[in-house]
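Below: the structure, in structure tokens.
Values in this document were obtained by computation on a predicted structure and should not be read as measured data. Reminder, nothing fancy here: chain letters follow the sequence lines and each chain counts from 1.
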There are 2 protein chains.
Amino acid sequence: MATIKDIAEKLGISAGTVSKGLNGASDISDALRQAVLDTAVEMGYTTKKMKKEEHKKLCIFVENMDYETSNQFGYEIILGFRQAAYRDNWDVIVFPINPAFQMEEKYDTFMLKNGYSGAFLVGFTLQDQWMAQLAATTIPTVLFDNYIKKNPNVAYVGTDSFEGIDSAIEHLVMLGHERIAFLNGSPNSMVSDQRLQAYIDSLSSHHLEYNEKLTAYSYYIVENAKYYVPGFLEEGATAIICSNDYLASGVITECQMQGLHVPKDISVIGFDDLPFSARLNPPLTTIRQDRIELGKCGYFALNCLINHVSISRTMLRAQYIKRGSTAPARPLL
Amino acid sequence: MATIKDIAEKLGISAGTVSKGLNGASDISDALRQAVLDTAVEMGYTTKKMKKEEHKKLCIFVENMDYETSNQFGYEIILGFRQAAYRDNWDVIVFPINPAFQMEEKYDTFMLKNGYSGAFLVGFTLQDQWMAQLAATTIPTVLFDNYIKKNPNVAYVGTDSFEGIDSAIEHLVMLGHERIAFLNGSPNSMVSDQRLQAYIDSLSSHHLEYNEKLTAYSYYIVENAKYYVPGFLEEGATAIICSNDYLASGVITECQMQGLHVPKDISVIGFDDLPFSARLNPPLTTIRQDRIELGKCGYFALNCLINHVSISRTMLRAQYIKRGSTAPARPLL
């Protein structure tokens, strides 16, 4: 278990200041106290004083996602949720989950039996057994990147794709690009539908024509880049926006194999801003989802539902991160 | 100022229980304690213990809206915000505001000078001086029913028109209606755009054709109903959805003046569910915006921004309230 000294080292402050933060002393700033508490949560430091009341319990269910390695998408979302929940004295339990687990017991039964006041679900797909049950659940439940219609006990949180994709297209248009391709994720997913709509809306607001041949579903399979990139190039694409950073790295490799220079011949943009993206060659321009903030957002949404405020959705601002994979458009190849 | 006895009477509990609630005694339920605190906030009861720290101050700016009479839209939004903020020890100051006030001082200057940590803006229009300044404000700011692009310090809260209007159309389709008109509010408003889009999307998902002649902008002027209703009837409308309850009451009157029976000859649906709507003749079927919840939502969104979680929007579920102004469709008149 982490010690006060570990926290002090990580933050670069004295052990005395850490103690003050943990004990709520009034002679340090709010921001510093919050940083101490956030770091204590992250490093797993606990004292008797920090123990939560038994009956205030929330849980996070994670599926299809690595969450135990720091800097991973899942790790950061969960950390953000735990940090925000901690301030309101909630104990948070994390469950990795799979389809078999969902067959064993109904969602509501599991939640009630274990005394959880609410849950945050990360990485679920529409095929999951529990997803169908959420249409009628009475338990406050927040979903990352999935939407349940008309149940006042369920809310959706995610990144605002509309602003994110619009920022990317705005930047490309400024650089003279007119034929911008979009390599999407999997069909029949809320996020893919939203991003495609965002792409179409943004093209229209920039007076660019929507050409269906400049879009494709990759199913998030990086190796598939080779099937789509040639088609995009044939249609005259000078820029390709991808639905995540892995796809973007696959697209860059494919373009380079075709003898093209990124970004001089073709610009490539990712989505997520994962840690490797800045270290790609060229460093990837991308649309950032802030995972820590998404997790905090998940908690704030769940807190709304627990307080009988029936929100349907909360969206986080996307940030456009300009790096080296975008440049002025070349005339048509 | 309200007394403990007043609170006890309003809630129908003993004065002793109210005291327990105010003092945080552990032998009453969380829900009851919250009800006591919410009522104390509503009735303006304060003790020394309930006084807030000087430096934790939020403000609400209200324009174009009655907020001093209980049961009014503005009153309830503000009450909801104050109740939610109270739990987190915020002091909330309410400012009625007008264009002249906005000319006197810049928004950020006013906020910083007075030491407010954030604000909730209700009833502003795009023409307001301060709205233009919000594109670049550094102060956590939440807007009811208005959206500012790409500023991570500003968020929008409102009711989810998509679900609300879809519920209304779903119900009408079930009753056999195929020609459904939509009397919108004012053009060039975010809410009007959203509701029109919601109407078009929902028609399409119910395989109904969108006919522009079945929509109109009323500018929220009830007397204008007489200009639009005849046109809708000519196009064969058997149902009219209106952008607020006042409009719906005007539409009902106009239909009745044309010798039609509501709902036998034509169904009418409102938006908001204001207190008078249930007492109309016939009682109005409507899409409810819960004002108390909207206010609480405003606080939760502001709390996100203050905690550096840059949400762009939070939407509240709409509730479809079925009353007497809707009935099965008549064959074309």
side-chain contact (heavy atoms from CB on, under 4.5 Å), that's the test. Do A/Thr314 and B/Met315 meet it? Break it down for me.
CA-CA 7 Å; A/Thr314 293; B/Met315 292 173 94; over 6 Å; no

Most heavy-atom pairs under 4.5 angstrom with chain B, which of A/Phe162, A/Tyr147, A/Tyr320?
A/Tyr147

If you take all heavy atoms of A/Glu163 and B/Ile148, which pair is closest and at what distance?
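For A/Glu163 versus B/Ile148, the nearest heavy atoms are OE2-O, 4.3 Å.
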
To the nearest 0.5 Å, how far apart are [atom1] in [X] and [atom2] in [Y]?
X        : Y        : atom1 : atom2 : result
B/Arg313 : A/Leu316 : CZ    : CG    : 12.0 Å
A/Arg87  : B/Asp88  : CZ    : CG    : 11.0 Å
B/Asp160 : A/Lys149 : CG    : NZ    : 11.0 Å

Would A/Phe300 and B/Asn307 satisfy side-chain contact (heavy atoms from CB on, under 4.5 Å), going step by step from the backbone distance to the final call?
CA-CA 10 Å; A/Phe300 287 121; B/Asn307 283 289; 3.9 Å; yes

So which of B/Thr159, B/Val157, B/Asp290, B/Asp166 has the biggest tally of heavy-atom pairs under 4.5 Å with chain A?
B/Asp166

Judged by modelled atom types alone, do B/Asn151 and A/Arg317 share a side-chain donor-acceptor pair under 3.5 Å?
no

Could you look at A/Ser167 and say if it's the side chain, the backbone, both or neither that has a heavy atom under 4.5 Å from chain B?
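For A/Ser167, the contact with chain B is made by backbone and side chain together.
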
Applying a strict 4.5 Å limit to non-hydrogen atoms, the region of A/Tyr156 in contact with chain B is neither

Is the number of heavy atoms from other residues, nucleotides or ligands under 6.0 Å of B/His308 NE2 greater than 12?
no

Before you tell me yes or no, could you show the steps for B/Glu293 and A/Ile311 under side-chain contact (heavy atoms from CB on, under 4.5 Å), namely the whole-Å CA-CA distance, both residues' side-chain angles and the distance that decides it to 0.1 Å?
CA-CA 9 Å; B/Glu293 287 194 30; A/Ile311 58 171; over 6 Å; no

Basic-acidic side-chain contact under 4.0 Å: B/Lys150, A/Glu170
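Looking at A/Glu170 together with B/Lys150, the answer is yes, because their closest N to O distance falls below 4.0 Å.
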
